[in-house]
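Everything on this sheet refers to the single structure shown next.
All heavy atoms count here, side chains included; hydrogens, waters and symmetry mates do not.
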Amino acid sequence: MYFREFTNPPETIIRNGKANFGTYNGVCKKFSITGMKTPYAGIPLPTFLSRLRIKSRLNYIFSLDKIFGRVDFFDFKVFGLAEVILWEKETSKKYVYHTFMLSRKRFVPQNTIQASCTSHKKARFIKISWQNNHKDISLKFKLKGDDVRPSASGLIHGISDSPSKADLMFVNPSPVSSRCSATWMNTMNVRGKVLLNLTEADNSTGLAAFVLNRTYFKLRSHTKMLYSLGKVKGKDVFFTMQYSNLDAANADLYNNNVLIVDGKPTALPSVIMTHPFGIDKNWIIQDTESMVDLTFVPSSVTKRTLNIIAMRTSYSTIYGTFEGTLLTSEGEKITLRSLPGILYTAQLRI
């Protein structure tokens with residue numbers, strides 16, 4: 001059966017122009033991938049040009065009793081984008097809020113000890129913060145409604161000494177060793193309150209995942225990514241998988257795919273995600289090691305296309321449920337039945 005070991009993290013991701021590739025239990029104090037030598041076709045470009053090709057993404061995914069949510073910050077260097085999507089679990093009804101952020105030194109911080117990522121607009125206040133050596137991670141938002149969506153507010157914070165706490169880092173070639181993609185992942189039990197349209201608030205406990213990624217992007221890239229989290233037979237389960245043209249050439253050795261059960265991680269092999277009848281119909285997610293055999297059943301699709309200066313991005317966020325089985329590193333079978341989650345597809349042209 002497939003196995004990939006989690007080791008202790010290095011002091012820095014990049015050292016002497018080369019990345020410390022691997023799968024780690026823990027994270028560096030500074031989350032930066034700048035400094036790689038000739039990352040593009042061996043051409044010695046000026047540092048500021050190669051840094052422009054590094055894009056950052058910060059995701060916070062949470063599941064409470066009645067609400068499933070995803071909060072994203074995208075750092076495109078010259079501008080930033082923040083987006084909140086909330087789904088009512090019972091009806092799959094979605095509420096989408098987004099805002100642009102003007103240029104600043106850095107949208108997504110590099111400090112993993114204590115920092116925050118914030119949209120300061122009064123009508124779209126969104127803040128993800130972490131402190132106390134990232135043991136305390138919280139989300140706060142206050143969003144003004146309009147004719148098509150209600151006002152929304154929420155406060156979600158990690159529970160101290162969370163039994164489902166996992167703190168992981170993945171550093172992968174992207175797709176070759178002259179470039180890299182680094183992901184910091186943190187899962188936790190949470191307590192939160194989300195209020196939609198002045199109705200009764202969802203004030204409950206649940207699960208959340210914090211995911212920060214930095215990658216040297218190609219001129220054209222495409223990505224498929226999924227997240228799911230919830231209770232399965234009394235156990236806290238979270239898993240994420242990705243499939244893209246930025247993946248390592250040896251994707252079984254280096255990838256971000258992981259299953260976390262009650263805080264214990266299992267590294268997963270590379271997977272293939274197919275949707276033979278369209279993105280709004282059933283998806284099939286499988287590997288070649290018999291550890292992943294899933295079906296994703298969509299119930300709500302959000303599509304968006306942005307054309308800004310010389311950049312074009314098109315992405316879809318699909319909410320639905322997962323059915324099927326996953327295997328842990330100890331051979332335990334995790335059977336999923338209607339576990340809520342999201343599947344994200346994106347195409348970016350720079």
Basic-acidic side-chain contact under 4.0 Å: Glu332, Lys235 | yes
Contact summary for Ile33 and Tyr216, nearest pair of heavy atoms = O-OH, 2.9 Å
Heavy-atom side-chain contact between Glu5 and Phe3 under 4.5 Å = yes
Rounded to the nearest 0.5 Å, what separation is found between the CG atom of Leu212 and the OG atom of Ser56?
-> 6.5 Å
Flag the pair Phe125 / Phe141 as yes when their ring centroid distance falls below 6.0 Å, and as no otherwise.
-> no
Are the side chain of Asn189 and the backbone of Lys165 linked by a donor-acceptor contact shorter than 3.5 Å?
-> no
To the nearest 0.5 Å, tell me how far Ser162 OG sits from Leu207 CG.
-> 8.0 Å
Working to the nearest 0.5 Å, report the span between OG of Ser129 and NE2 of His134.
-> 14.0 Å
Only one of Thr240, Thr23, Asn172 forms a side chain to side chain donor-acceptor pair (under 3.5 Å) with Asn256, so which one is it?
-> Asn172
How about Lys218: does its NZ atom have over 12 heavy atoms from other parts shown lying under 6.0 Å from it?
-> yes
Side-chain contact test, heavy atoms from C-beta onward, threshold under 4.5 Å: evaluate it for Leu226 versus Ile342 and give yes or no.
-> no
Under 4.0 Å between a Lys/Arg side-chain N and an Asp/Glu carboxylate O for Lys231 and Asp236?
-> yes
Heavy-atom check, side chain of Leu64 versus side chain of Lys66, under 4.5 Å | no
Heavy atoms of other groups near Asn132 CG, more than 12 under 6.0 Å = yes
What are the two closest non-hydrogen atoms of Leu268 and Leu327, and how far apart are they?
-> CD2-O, 4.1 Å
Quick check, are the ring centers of Phe322 and Phe239 under 6.0 angstrom apart?
-> yes
How many angstroms lie between atom CZ of Phe277 and atom CD1 of Ile284, to the nearest 0.5 angstrom?
-> 9.0 Å
Ionic contact status for Arg70 with Asp72, cut-off 4.0 Å = yes
Pairwise distance NZ(Lys127) to SG(Cys117) - rounded to 0.5 angstrom = 11.0 Å
Side-chain H-bond candidate by donor/acceptor type, Ser174 with Arg179, under 3.5 Å | no
Indicate yes or no: at least one non-hydrogen side-chain atom of Ile318 is less than 4.5 angstrom from one of Phe296.
-> yes
Does Pro269 offer a backbone N or O that forms a donor-acceptor pair with the side chain of Asn257 under 3.5 Å?
-> yes
Salt bridge check: are Glu330 and Lys264 linked by an N-O gap of less than 4.0 Å?
-> yes
Should Ser314 and Lys303 be marked as a side chain to side chain donor-acceptor pair (under 3.5 Å) after you check the CA-CA gap, both sets of side-chain angles, and the distance that decides it?
-> CA-CA 8 Å; Ser314 175; Lys303 297 182 180 180; over 6 Å; no
Would you call Lys193 and Leu155 a side-chain contact if the rule is heavy atoms closer than 4.5 Å?
-> no
Using modelled atom types only, decide if a donor and an acceptor are shared between the side chain of Tyr319 and the backbone of Ile85 within a distance under 3.5 Å.
-> no
When you look at OH of Tyr24, are more than 12 heavy atoms from neighbouring residues, nucleotides or ligands closer to it than 6.0 Å?
-> yes
Within the side chain of Asp293, is there an N or O that forms a donor-acceptor pair under 3.5 Å with the backbone of Gln286?
-> no
Please check if atom NZ in Lys144 has more than 12 non-hydrogen atoms from other residues, nucleotides or ligands closer than 6.0 Å.
-> no
Mind checking whether Phe210 and Trp184 have ring centres under 6.0 Å apart?
-> yes
Flag side-chain contact, heavy atom, 4.5 Å: Phe6 against Phe170 = yes
Flag side-chain contact, heavy atom, 4.5 Å: Thr325 against Leu336 | no
Spacing of CD1 belonging to Ile54 relative to CZ belonging to Arg214, to within rounding of 0.5 Å = 8.5 Å
Give a yes or no answer on whether the side chain of Ser244 reaches the backbone of Leu246 with a donor-acceptor pair at less than 3.5 Å.
-> yes
Are more than 12 heavy atoms from other residues, nucleotides or ligands located less than 6.0 Å from atom CZ of Arg304?
-> yes
Run the side-chain donor-acceptor check on residues 8-20: report pairs under 3.5 Å with partners two or more places apart or on a different chain.
{"from": "Thr12", "atom 1": "OG1", "to": "Ile14", "atom 2": "O", "distance (Å)": "3.1"}
{"from": "Asn20", "atom 1": "ND2", "to": "Thr12", "atom 2": "O", "distance (Å)": "2.8"}
{"from": "Asn20", "atom 1": "ND2", "to": "Ile13", "atom 2": "O", "distance (Å)": "3.4"}

Between Trp130 (side chain) and Asn111 (backbone), is there a donor-acceptor pair under 3.5 Å?
-> yes
